[in-house]
Q: 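Okay, handing you the structure first.
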Amino acid sequence: MKKISLLLLIFSFFAFSLFSQENEFIEEDDFDSIFEEAEDIEESVVEEKTENKTPVQVFTSAFSSMVHFSGSFSGEAGIVYVHMRDNDDNDNDVSGFVTLKNTLNMTVSPVSSFAIRGSLYTGIDNKFTAEIQSLYFDYLLLNRVYISAGKKSISWGNIRLFDNTDYYGDENKLFNMCLYKTGPAYANIFAEDSAALALDIRYPWSWGTLTFAITGNLSSDIKPNNFNYYGSLELSVLNTNINLYVKRPEKTTTPVKTNLAGLEIKRTIFGFDTYAQALVRVKNINNLGSEAGYDYVLATAGLYRLFDSFDPNIGFNIEYQHEYNPSKPNKHYDRIAFEGGIKRMGKNKNMKLGVLSHFNITELHGYTGLNFLVSGLLPYADWSNKLVVGYGSKYEIPAFMFSSSISLSLDY
């Protein structure tokens, strides 16, 4: 039953990846928009009047004008069926599940150049969880330099799929369950950081942005080697976005992590967003002529497009990755990742279908998931049906999981 309960994590993250109301990529053409139907709720303004019909003006306090709250809620209840073999044991079971998640965001902004931001997460998924997800400030110095610091996350680059630490990382199994990860999260240079605090300084100009960042954990022993240092130079040249960046990791780890350098480019071609990343982790800068000079070299390319000028809307995102790693048995590894979706299907335009697939071409294993949603049956509720199959060389038999549930969501 522990396996069954932990499987809820897989479906929760799968639902988030395909149908989340929270925008992970802050762009107008965000891939998540394939699966979203945002609703703008306008509250009516009530105007109080005296007996002689003269309007009474109500003044808001300084506190209420500078403090703003928002949030998102999601809940899901349903059943899940699992068929898998782990450690030579067959596991076939049906179980019910209930999950509740709520994130409350607060912004305090006395002036346009200064803001304090925080978010509190509470959830029920086998156990009750409450944590402060973020608490940081944003400050615009001299109307030119942007400074942000505190408990927060930082994300750079254009990679959408291979940088997702929910699906890629050092752990062998996805969410410590029966689905095997198809590769590490090398494409995300922040993935290996366990830092709780971050400092982000950005200086924009007409052609681009210069960024400097530090991540680390506060302790009684604050030394330069206890922190990760990042630098980025982002330029826009001939309608092409170019980003050069480097990373100097903390030096207190065992083994000591080596320096990283990366290059990313992005350009829209015939309506398709095309992007590529080259990333190298240098072991010995004086020996770059041989494999002994590298920990790994990574090349990733991606293509994204959303067709929303007709119904149903169709979108897809595909990425290909090649890894050269002298320390691994095969040295060369190829992987492919895909996410796609169709929305506004059916007579009432209330059906959606999402597809997710990750495959390791070199090791010949992967997993594929489908999510079919019907919305509008109840206010703020969707009927969700999800199927995930793990297959290939890592599996003695294919791992098969299916769930059907009612999911609720509300942004406020």
Side-chain angles (χ1 to χ4, degrees), residues 108 113-121 130-142 144-157 159 163-166 168-171 184-204 208-234 243-264 277-288 291-298 325-328:
V108 182
S113 60
F114 176 51
I116 301 173
R117 308 182 191 276
S119 62
L120 173 65
Y121 169 81
E131 63 174 346
I132 298 176
Q133 285 189 329
S134 64
L135 181 60
Y136 61 98
F137 72 85
D138 294 333
Y139 189 79
L140 185 61
L141 179 63
L142 302 176
R144 192 63 178 172
V145 180
Y146 171 81
I147 302 173
S148 181
K151 178 179 173 58
K152 57 172 293 185
S153 61
I154 303 177
S155 179
W156 286 354
I159 304 301
D163 74 339
N164 190 333
T165 54
D166 291 336
Y168 292 91
D170 295 332
E171 298 85 359
Y186 290 157
N188 182 348
I189 65 170
F190 292 94
E192 64 186 10
D193 295 352
S194 59
L197 301 175
L199 168 66
D200 184 15
I201 302 175
R202 281 177 274 173
Y203 178 75
T209 304
L210 180 65
T211 306
F212 175 71
I214 302 175
T215 63
N217 294 290
L218 288 180
S219 65
S220 58
D221 187 18
I222 301 178
K223 294 182 178 180
N225 283 340
N226 293 345
F227 296 91
N228 303 285
Y229 300 90
Y230 305 83
S232 168
L233 177 60
E234 188 172 5
N243 190 8
L244 293 163
Y245 51 85
V246 294
K247 175 184 178 181
R248 186 270 200 188
E250 60 175 311
K251 300 302 181 182
T252 57
T253 57
T254 303
V256 176
K257 297 174 184 176
T258 52
N259 297 331
L260 278 163
L263 168 66
E264 287 195 22
Q277 178 199 69
L279 192 66
V280 57
R281 169 152 255 168
V282 178
K283 180 185 295 184
N284 185 350
I285 197 171
N286 297 318
N287 197 13
L288 298 182
E291 64 180 25
Y294 303 92
D295 281 326
Y296 59 78
V297 179
L298 195 72
N325 195 319
S327 63
K328 291 184 177 181

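Positions are given from 1 along the sequence.
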Q: List in chain and number order the residues that pass ring pair (Phe, Tyr, Trp, His ring centres under 6.0 Å) with Y296, two or more places apart in sequence or in another chain; answer none if no residue qualifies.
A: Y186
Q: Between K152 and D200, does the side-chain contact (heavy atoms from CB on, under 4.5 Å) criterion hold? Intermediate values first, please.
A: CA-CA 10 Å; K152 57 172 293 185; D200 184 15; 4.1 Å; yes
Q: Got a donor-acceptor contact below 3.5 angstrom from the K247 side chain to the N228 backbone?
A: no
Q: Can you tell me how far CG of N243 sits from CG of L263, rounded to the nearest 0.5 angstrom?
A: 8.0 Å
Q: State, to 0.1 Å, how close K151 and L197 come at their nearest heavy-atom pair, and which atoms those are.
A: N-CD2, 3.9 Å
Q: Is the NZ atom of K223 crowded by more than 12 outside heavy atoms at less than 6.0 Å?
A: no
Q: Kindly compute the distance separating NZ (K251) from CG (N226), expressed to the nearest 0.5 Å.
A: 12.5 Å
Q: Can you name the nearest heavy-atom pair linking D295 to P326, along with the distance?
A: O-CD, 3.5 Å
Q: Determine yes or no for a side-chain-to-main-chain donor-acceptor pair under 3.5 angstrom, with R144 supplying the side chain and P204 the backbone.
A: yes
Q: Does NZ or CZ of K283 lie under 6.0 Å from the centre of the six-membered ring of Y294, at an angle within 45° of the ring axis?
A: no
Q: Using atom types as modelled and distance alone, determine if a side-chain donor or acceptor of Q277 lies under 3.5 Å from a backbone N or O of A187.
A: yes
Q: So, taking the atom named CD1 in I154 and the one named OG1 in T215, what distance separates them when rounded to the nearest 0.5 Å?
A: 7.0 Å
Q: If you round to the nearest 0.5 Å, how far is CG of L141 from CD1 of I147?
A: 5.0 Å
Q: Between R281 and E192, is there a side-chain N and carboxylate O pair less than 4.0 Å apart?
A: yes
Q: Okay, side chain of T258, backbone of V282: is any donor-acceptor separation there less than 3.5 Å?
A: yes
Q: Could you tell me which non-hydrogen atom of A191 sits nearest to which non-hydrogen atom of T165, and how far apart they are?
A: CB-CG2, 3.7 Å
Q: Evaluate side-chain contact (heavy atoms from CB on, under 4.5 Å) for F190 paired with S155, printing each intermediate quantity in order.
A: CA-CA 7 Å; F190 292 94; S155 179; 5.7 Å; no
Q: Take Y203 and T209, measure what side-chain contact (heavy atoms from CB on, under 4.5 Å) needs, and give me the verdict at the end.
A: CA-CA 6 Å; Y203 178 75; T209 304; 6.0 Å; no
Q: Roughly how far, to the nearest 0.5 Å, is the CZ atom of F227 from the CD atom of E250?
A: 9.5 Å
Q: Using modelled atom types and a 3.5 Å cut-off, is there a donor and acceptor pairing between side-chain atoms of N188 and backbone atoms of D163?
A: yes
Q: For Y229 and P224, indicate whether the former's side chain and the latter's backbone hold a donor-acceptor pair under 3.5 Å.
A: yes
Q: Evaluate side chain to side chain donor-acceptor pair (under 3.5 Å) for T252 paired with N225, printing each intermediate quantity in order.
A: CA-CA 6 Å; T252 57; N225 283 340; over 6 Å; no
Q: I'd like to know if the side chain of S148 reaches the main chain of F137, judged simply by a donor and an acceptor atom lying under 3.5 Å from each other, with no hydrogens or angles considered.
A: yes
Q: Between N284 and A292, which heavy-atom pair has the shortest distance, and what is it?
A: CB-O, 4.3 Å
Q: Pair D138, Y136 - check side-chain contact (heavy atoms from CB on, under 4.5 Å), show working.
A: CA-CA 7 Å; D138 294 333; Y136 61 98; 3.5 Å; yes
